[in-house]
Number of protein chains: 2
Amino acid sequence: MPSTTTDSDGTSPGTGKRRVPLSRASVVAAGRRLARDEGLAAVTLRRVAAELGVTAMALYRHVGDKRELLVAMLDGVAEQLVIPDGTGSPSDRLVLAFRALHDHLTAEPWVAEVLRGGELFGPSAARFVEHVLALLAEAGLDDEQAGDAYWALWWYTFGHLSYLPALGPEGRPARHELMTRVRMDDHPRLARMLSRPPRAGAAEDAFVPGLRALLRGLLAD
Amino acid sequence: MPSTTTDSDGTSPGTGKRRVPLSRASVVAAGRRLARDEGLAAVTLRRVAAELGVTAMALYRHVGDKRELLVAMLDGVAEQLVIPDGTGSPSDRLVLAFRALHDHLTAEPWVAEVLRGGELFGPSAARFVEHVLALLAEAGLDDEQAGDAYWALWWYTFGHLSYLPALGPEGRPARHELMTRVRMDDHPRLARMLSRPPRAGAAEDAFVPGLRALLRGLLAD
DNA sequence: ACCTGAACACCGTTCAAGT
DNA sequence: ACCTGAACACCGTTCAAGT
């Protein structure tokens, strides 16, 4: 019945029978494709299933529930992260690591959204955390200091990723609405900040200086 | 019909007729009460309406749509923020301001969730931004530097607020699940970080030192 | 003017049933 | 073993109808 009524799923269905017999990997891959192409909101079990030419209930045989699907998607991203390293100071190498993380996650914005859902991270992200903790130790921090510093760096990075949409072109209407509702006479500096032409990639360019500033403060005794 | 079948709304309904004739303010107040007591997920138009002894559709006369309700709730919180100030250095006064913001928002965790939805903030938050920008200027930053510094401070604060649930007792199951799935032999430092007894209020206590570190880096020429 | 009832197009999830 | 159909208990939102 739905095969004749639905017409908005232009990819795999239409070929009639499925080639591959539906595995956990294919479900997760379909989820990632959907998230990348149409945003996290498009990742519903029904949509993912449709993408695979199958009903939503068939997915439960492979993923448990939706949360598990999202975590699996997350872990796929973490797995693909390449952590660059160098021969400079621990601080320089930390900048390198976090910039790589930042760029990697910026390329797939839905990841920040899932992380906001409360997930710490998948197992594959452990590599990154371990790498950062080792560099912080090399810089002279003890276990507890390194732990706190790791979280500070992550909060900064995560906050940045979360606010990219609001600062980018997508956030224009919200910023405009705000400017009309705030009495700008009483807030001259805010008015200047909001009205300043948002130079291309300003938010991205601001990330590294802020990161360096945070590191300078964290690593200073 | 629903007045006899529903029995889970213990507050206003049950008194029979409503006292107050349903205003925008009462709708927003009901939303905040619900968010505070049962979390943001409980704030559905149907639940808010039930709380007021009314149908969901009645709300549309007063709030436009759900997003508008959430922004109005947000603005109520911002309005109640008291920004303390002192006579110390700009840096100390910035710590004072952000700590007040942090404590205020920690008390109502749903706010961070709404902000994650992409809202910059409501008009009432303009006071805070203006205050911070003025202090950054006093510390010697020009408009552009102050703008970047403001965002760095906000990213840090927002990231912290977003991760509080994951680090607190609520996040225990997720942390535990993670520890079982990661090969901890390969990640000794991560293992130590996750297994360390999370001292009471560790995340809260880590906020201010990280904030000071960030400020030190941002205000250094 | 203000509110309601019924409906629409969605969700995640369960469960008995098919092959 | 693997998938489907139908159903349940929800969402936000629209629209004609009531008072």
Side-chain angles (χ1 to χ4, degrees), chain A residues 1-9 12-13 16-28 30-31 34-35 38-73 110 113-114 117-119, chain B residues 1-9 12-13 16-28 30-31 34-35 38-73 110 113-114 117-119:
Chain A
M1 192 75 79
S3 58
T4 60
T5 53
T6 54
D7 54 324
S8 60
D9 38 13
S12 32
K17 60 182 70 171
R18 281 199 318 283
R19 333 103 211 273
V20 56
L22 191 63
S23 64
R24 183 183 165 93
S26 65
V27 171
V28 174
L34 218 38
E38 306 186 32
L40 189 64
V43 183
T44 70
L45 293 181
R46 283 173 165 90
R47 274 293 263 118
V48 172
E51 215 72 13
L52 295 164
V54 102
T55 67
M57 308 77 204
L59 302 185
Y60 280 90
R61 190 114 344 218
H62 300 97
V63 288
D65 61 4
K66 190 181 178 181
R67 182 182 166 280
E68 197 183 307
L69 169 60
L70 292 178
V71 173
M73 287 166 57
W110 59 269
E113 267 178 89
V114 176
E119 303 305 330
Chain B
M1 192 78 78
S3 57
T4 61
T5 53
T6 55
D7 54 323
S8 61
D9 38 11
S12 30
K17 60 182 69 170
R18 282 200 317 282
R19 332 99 211 277
V20 56
L22 190 65
S23 64
R24 182 183 166 94
S26 65
V27 170
V28 174
L34 219 37
E38 306 185 32
L40 189 63
V43 183
T44 69
L45 294 180
R46 282 172 164 92
R47 275 291 265 116
V48 172
E51 216 72 12
L52 295 163
V54 104
T55 67
M57 308 76 205
L59 302 185
Y60 280 91
R61 190 112 347 216
H62 300 97
V63 289
D65 63 5
K66 190 181 179 183
R67 183 182 166 280
E68 196 184 307
L69 169 60
L70 293 178
V71 173
M73 287 166 56
W110 59 269
E113 268 178 88
V114 176
E119 302 305 330

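This is a predicted model, so every value here is computed, not measured.
Residues satisfying the side chain to side chain contact (heavy atoms under 4.5 Å, CB included) criterion with A:Ala25, sequence neighbours excluded, are A:Ser23. By the side chain to side chain donor-acceptor pair (under 3.5 Å) test, A:Arg24 pairs with A:Glu68, sequence neighbours left out. For A:Arg61, there are no side chain to side chain contact (heavy atoms under 4.5 Å, CB included) partners two or more places apart in sequence or in a different chain.
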What does the B/S/- profile of nucleotides 14-19 of chain C look like, 5' to 3', with a 4.0 Å heavy-atom cutoff to protein?
B-----

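Residues A:Val28 and A:Leu69 approach most closely at CA-CD1, 3.9 Å, considering heavy atoms. The nearest pair of heavy atoms linking B:Trp110 to B:Leu40 is CB-CB, 4.1 Å. Taking each heavy atom of B:Lys66 and B:Thr44 in turn, the nearest pair found is NZ-CA, 4.4 Å. Scanning both residues, B:Leu52 and B:Ser26, for their nearest heavy atoms gives CD2-O, 4.0 Å.
The A:His62 side chain lies nearest to D:dC3 when the options are C:dC3, D:dC3, C:dT13. Here C:dG12 is the nucleotide among C:dG12, C:dT4, C:dC11 with the atom lying nearest to any side-chain atom of A:Lys66. In the set C:dT13, D:dC11, D:dT13, D:dT13 carries the atom at the smallest distance from any side-chain atom of B:Ala56. The listed nucleotides are D:dT4, D:dC11, C:dC11; the one nearest the side chain of B:Arg46 is D:dC11.
Distance CG (B:Leu22) to C1' (C:dC3): 9 Å, rounded to an integer number of Å. Rounded to whole angstrom, the span from the CD atom of A:Glu38 across to the P atom of C:dC10 amounts to 13 Å. The CG-C1' distance, from B:Leu69 to D:dC11, rounds to 15 Å in whole Å. Whole-Å rounding puts the B:Leu45 CG to C:dT4 C1' distance at 16 Å. When the P atom of C:dC11 is taken as reference, atom CG of A:Asp65 falls 17 Å away, rounded to whole Å. Separating the CG atom of B:Leu59 from the C1' atom of C:dC2 is a distance of 12 Å, rounded to the nearest angstrom. Atom C1' of nucleotide C:dG12 and atom CG of A:Leu70 are separated by 12 Å, given to the nearest angstrom.
Counting heavy atoms from C-beta on, the side chains of A:Val114 and A:Met73 never come closer than 4.5 Å. Two residues are said to be in side-chain contact when any heavy atoms from C-beta on lie closer than 4.5 Å; A:Val54 and A:Leu22 meet this criterion.
For the pair A:Thr55 and B:Arg67, nearest-nucleotide mapping onto DNA chain D gives the more 5' position to A:Thr55.
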Give the dot-bracket line for DNA chain C from 5' end to 3' end: parentheses for intra-strand Watson-Crick or G-U pairs under 3.5 Å, square brackets for crossings, | for inter-strand pairing, dots for unpaired.
||.|||||...|||||.||

